[in-house]
Every structure is written in structure tokens, then in C-alpha cells.
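First up is the structure itself, then whatever we jot down about it.
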Amino acid sequence: MHDIRFIRDDAKSFDEAMARRGLEPQSDAILAVDQERRQIITTLQELQQKRNETSRQIGDIKKAGGDADAIMAEVAAIKSEMTALEEREKTLGEDLDAMLLSLPNILDAGVPDGADESDNVELRKIGEATAFSFPAQDHVALGESLGMMDFAAGAKLSGARFVVLKSGLARLERALASFMLDTHCGEFGYQEILPPALVKSETMQGTGQLPKFAEDLFHTEDDRWLIPTAEVPLTNLVANEILDADDLPLRLTAYTPCFRAEAGAAGRDTRGMIRQHQFSKVELVSIVEPDQSDDELERMTSCAENILKRLGLSYRVMMLSTGDTGFSARRTYDIEVWLPGQDDGKGMYREISSCSNCGPFQARRMKARFRNKGDKDTQFVHTLNGSGLAIGRTMIAVLENYQQEDGSIHIPDVLQPYMGGMTTLKLS
RNA sequence: GGAGAGGUGGCAGAGUGGUUGAAUGCGCCGGUCUCGAAAACCGGUAUGGGCGCAAGUCCAUCGGGGGUUCGAAUCCCCCUCUCUCCGCCA
């Protein structure tokens, strides 16, 4: 959500910012509604003041035993005048909110211009493409021949884009999640949270999934929504709160299932576990003071990268272009892991984490503020979120990068304690 | 799911139609006192919004929404959350 005062003060800059998002100038329409609304509010408040004063007089007169009929008629006239104005004000307020809620965040000046992901900029590349002395298989072939990955069973139970994992791979999911949580909580200062996976519309609006992106979500009959990421419940934990500056930064992490309708992705990534309706993820969320959010984005990204380094996986970090940066973000870094089994064994990089600084955009929607000790005024916090990491895709990366010629999988050292000392996944 | 009781300022807790944005206590901030501190005393201490350069001023808000009334924290309706008892249940 945007600050209406910023649009009033600097409509030109606002329109330029929207232009970077590929949008037509918005400020004229917004300010027209805003101006009419404020005029109405002013006259409405004058009428309210008059009504309040007159009502007080009526009380005095009645207490003194006088006749208040004439003055009561006066109030009746004021009230009838107010009714129409109140309705108009309500409509204008809703219109204004609808406009402000549907526009994307203003992009950071450092975000490269571009139409789509092909214009993203590579910031760094860590590690080399994994070398094999044999043709690399993809995770589907590996997982199925191990007897631990069953897409037919997933389809039988739930339809397309679901999978059933068994024995070693089922356990690997748990191992990856524990490893990530232990690292983020034990070493990077995140607090572990176990949030609900089903949330209210209001909560989805706070982080920006609603009202625009309902088609990407699963909706329950009692009007709740399945979370597409733990960013939603974690970030909304501070909704409608006024925090002490002393309590910031807040660093939260959660391992949750994530549900995505993938409405716009029909036909894309249909093979394997890359794109599922349900997957799990360890999410990182930071709530910080405004002047800290740029640094916090770097820190958060390095926390996510650290997991990949310890797993011995190669990756690159991309800064998303203006055309690829999500609705709520001001700046986003994607971490892409090397998957040697993709593209017919030629290998390719695939997104495994996305870290975004949302600035005050979500905070304004959520009314999440903080106050410095002794200060009277409040400010909106800045919010950040990032994957640390997506478990399903990390599993794919482990399978494809640690595969051996016989189709067994070497388990990365850091995961072995979480696998009961197991060193290899193989057909039993 | 059934029955009942409640949601008031950072917290505790008054308040059942007329200067109540809201007593009182605690907490917090500032001050007096003190070598310093404690205690005591004095003052301050919600959020959002309109107008205004500002000082300021006005409006709204006592879980949320609607209604009754000249006037509602106080009355009525709906929703929601919490607590107690019963039932059911992982």
C-alpha cells in the first residue's frame, strides 16, 4: 500500500515509479478521489461538531426542565444533511483503498530495468557445475528408481502436481528442515515459530497476496486461505502492533507447508517436484527499522546462501529486474541452485530462494509500526522475507548433485547426523 | 455442537444514556528534593484522521459491523475472540 501523502506531495515521482512497473500514470485518478473525499470529510466534521454542540444544549435545556423541541428540529436537519455525505465518503474511501491496495511497491533505485527474468543481473556465482563421469539423471529418475518418490500415488490421492515420498526421501525432508532451522536459530539469531497454515483474508491482504492474486491461492469454504508461504503468517504477526524500537530487529523463521494453485503455470514444469501444489519451506522474515532494511536484505540473503554452502551446492545470486520483481517487493535477490539433471542432463540453475525487502509497503497495509523510546510519533517498520530454503527444491538439488553412477545418493556430511548416521540413499 | 459469562487506555480495574477520551492504582517519561539513589511530592503519558506554515483546533475510536436516540463505553441486532461447564475428538 502506498502513502497517500507521498502521492499528494510528489505525484510526478509516484507516476515515474509506477512507470517502472509498466503502469500508466495513476496519480490523477487517485488524487481526484482523495481531494473530493477530504472536502467531504471537512464539511462532515463541521456538521458533527455542530451536532455535538447542539446535543449538549438539549441536555442542558432538558435538565433545566425547558422545552427543546425547536433545537431538536435543528439537529434533525443537520443529521439528514449528514447522511448523504457519509455515504459518499464511504464510497470514496473504498475506491481510494481499492486503488492504493492494487498498485505494486515502488522499486529500489538500484533495481535494473528489464522486461522479465532474462534481464535479471547476476551478482555472484559460487561453486562450479557438478562434474560427472556418467550421464546425470534428474531427480525423478533417481527418486523413482530408489522406490522413494511416487508421482502415481500423489496423482491417485490428490491429482496432478502432488507427490508421495517414502522412506529415505521422506526422512530427508525432515532432515533438511531440521538442519535449516537449527542453523538459522542456533547461529543466525532467528526465532523459531510454528504458525497456522490457514489464515484470514485480512492476513493475506497484509502481505499483498490479496486482493489481486486470489487465483494463485487455495480458498476454503469457511473463507480462509491456505498460505502460499510462511511469509504471510510470520510477517502478519506484527500487524496492528506498535513495537518498541528496542525489540527490533525481529528475526523469525518457520518450517511450514506451502500451497499454490499455480493457476498461471499450466503446462510449465510438469515433470517432477519442481512445481507442486504443496511443498514445504523454511522461511525467514525480518522486521526492522527503516534505515536497517538494506543491510538486512544482504544479511538475510547470506543466511540463505550459507545453507547451500554447507550442503556443498553450487549456486548463483541474481538481482531481479523491474519486470521480474514481485508485487510487494522493492528489491529482490533470487538464489538459483545448480541442478545437473535438468534440461536433459545438461543442467541448469533453478530458483531455490527469493529474498525481498518490502520496505514499508506491507507495514502500511498491516499497520505495523514502531516507536523510539521517549518519542511520541510512530513510524512504519520495514519488512523482509526470504526462503531459507525451499525444502522440495533443496531435495532435488541434493539428489541431482550427489547422485552416483549406480543411482544411489551420497548424503551430504551436514545432513548425516539428521539421517541417523546414514551416508547413502540406495535401493533396499 | 449445547449452556452460560465476558472483551474498557502499556497493564490492572471503575464506569448502565448527557463536558466520560474515559475514575483509581501500577507501569513509563519529565521535574522537585538529594552528594547520588530510593522514598515522597508535582506534572505528563492512546491511536487514526480533517483544517493549518505553525501554535493549535476539530472529528472519530471503549473487540468489529449495523441500529435506536437530540445525545451511547452504557440500550438493541449480527459477527468475532476469550473464559467456565457439558458433549465430541487428534
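Letters A, B, ... mirror the listed sequences (proteins, then strands); counts begin at 1.
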Gap in Å between the two P atoms, one belonging to A73(B) and one to G66(B), rounded: 15 Å
How would you label the contact of Arg364(A) with the nucleic acid (heavy atoms, under 4.0 Å): base, sugar-phosphate, or nothing? nothing
Is there a donor-acceptor contact under 3.5 Å linking the side chains of Ser293(A) and Asn357(A)? yes
Closest-nucleotide mapping onto RNA chain B: is Gln49(A) or Gly59(A) further toward the 5' terminus? I mean the 5' end. Gly59(A)
Pick the P atom in G31(B) and in G36(B), then give their distance to the nearest Å. 13 Å
Give Lys367(A) one of three labels, base, sugar-phosphate or nothing, depending on what nucleic acid heavy atoms sit under 4.0 Å from its own. nothing
Considering only the C1' atoms, how many Å lie between U80(B) and G65(B), rounded to the nearest integer? 10 Å
Per the atom types in the model, does the base of G49(B) pair as donor or acceptor with the side chain of Gln45(A) at under 3.5 Å? yes
At what distance, to the nearest 0.5 angstrom, does CZ of Phe179(A) lie from OH of Tyr418(A)? 7.0 Å
Glu94(A) CD - G65(B) C1' separation (whole Å): 13 Å
Whole-Å distance between C81(B) P and Asn240(A) CG? 16 Å
Looking at G71(B), which nucleotide sits across from it as a Watson-Crick or G-U wobble partner, both distances under 3.5 angstrom, or is there none? none
Which nucleotide in the set C70(B), G49(B), G50(B) lies at the smallest distance from any side-chain heavy atom of Ser55(A)? C70(B)
Given atom CG of Leu44(A) and atom P of U61(B), what is their separation to the nearest angstrom? 12 Å
Flag for Ser286(A)-Glu296(A): side-chain donor and acceptor within less than 3.5 Å: yes
To the nearest Å, give me how far apart CZ (Arg51(A)) and P (C58(B)) are. 15 Å
Ignoring hydrogens and geometry beyond distance, is a side-chain donor-acceptor pair present between Glu305(A) and Tyr333(A) at under 3.5 Å? no
Measure CG/Leu47(A) against C1'/A60(B) and give the value in whole Å, please. 15 Å
With nearest nucleotide decided by heavy atoms, which residue, Lys200(A) or Glu53(A), maps closer to the 5′ end of RNA chain B? Glu53(A)
Could you check whether Ile71(A) gets within reach of a base, just the sugar-phosphate, or nothing at all, counting any heavy atom under 4.0 Å? nothing
Determine whether the side chains of Ser201(A) and Trp225(A) contain a donor N or O and an acceptor N or O closer than 3.5 Å. yes
Protein-nucleotide distance (Asp60(A), atom CG; G71(B), atom P), rounded to Å: 16 Å
Between U57(B) and G63(B), how far apart are the two C1' atoms, rounded to whole Å? 30 Å
Base, sugar-phosphate or nothing for Arg56(A)? Non-hydrogen atoms, less than 4.0 Å. nothing
To the nearest Å, how far apart are Met72(A) CE and G71(B) P? 9 Å
Paired with C85(B): which nucleotide, if any, by Watson-Crick or G-U wobble criteria at under 3.5 Å for both distances? G2(B)
Return the nearest nucleotide to the side chain of Gln48(A); candidates are C59(B), U47(B), G49(B). C59(B)
In Watson-Crick or G-U wobble terms, both distances under 3.5 Å, what is the partner of A60(B)? U47(B)
Side chain of Lys79(A): nearest nucleotide among C70(B), U47(B), G50(B)? C70(B)
For G71(B), does either OP1 or OP2 sit under 4.0 Å from a side-chain N or O belonging to Asn52(A)? no
Considering only atom P, compute the distance from C88(B) to U16(B) and round it to an integer number of Å. 42 Å
Tell me what Arg37(A) touches on the nucleic acid: a base, only sugar-phosphate, or nothing, going by heavy atoms under 4.0 Å. nothing
Assigned partner base of A23(B), Watson-Crick or wobble definition, under 3.5 Å: none
Work out how far the P atom of C62(B) is from that of A23(B), and round it to whole angstrom. 15 Å
Between A72(B) and G18(B) - C1' atom distance, rounded Å: 10 Å
Just checking, any donor-acceptor pair under 3.5 angstrom between side chains of Glu173(A) and Ser280(A)? yes
Under 4.0 angstrom, heavy atoms only, what part of the nucleic acid is Thr54(A) near: base, sugar-phosphate, or nothing? nothing
Proximity to the side chain of Ile58(A) - top-ranked nucleotide from G50(B), U47(B), G18(B): G18(B)
When rounded to the nearest Å, what value does the distance between C1' atoms of A40(B) and U34(B) take? 12 Å
Could you tell me which nucleotide pairs with A39(B) by Watson-Crick or G-U wobble geometry, both distances under 3.5 Å, or answer none if nothing does? none
For Gln404(A) and Ser408(A), does a side-chain donor sit closer than 3.5 Å to a side-chain acceptor? yes
In whole angstrom, give the distance that lies between atom CG of Asp34(A) and atom C1' of G49(B). 12 Å
Set out, in order, the CA-CA distance, both residues' side-chain angles and the distance that settles ring pair (Phe, Tyr, Trp, His ring centres under 6.0 Å) for Phe151(A) and Phe162(A), then state yes or no. CA-CA 7 Å; Phe151(A) 289 97; Phe162(A) 288 92; over 10 Å; no
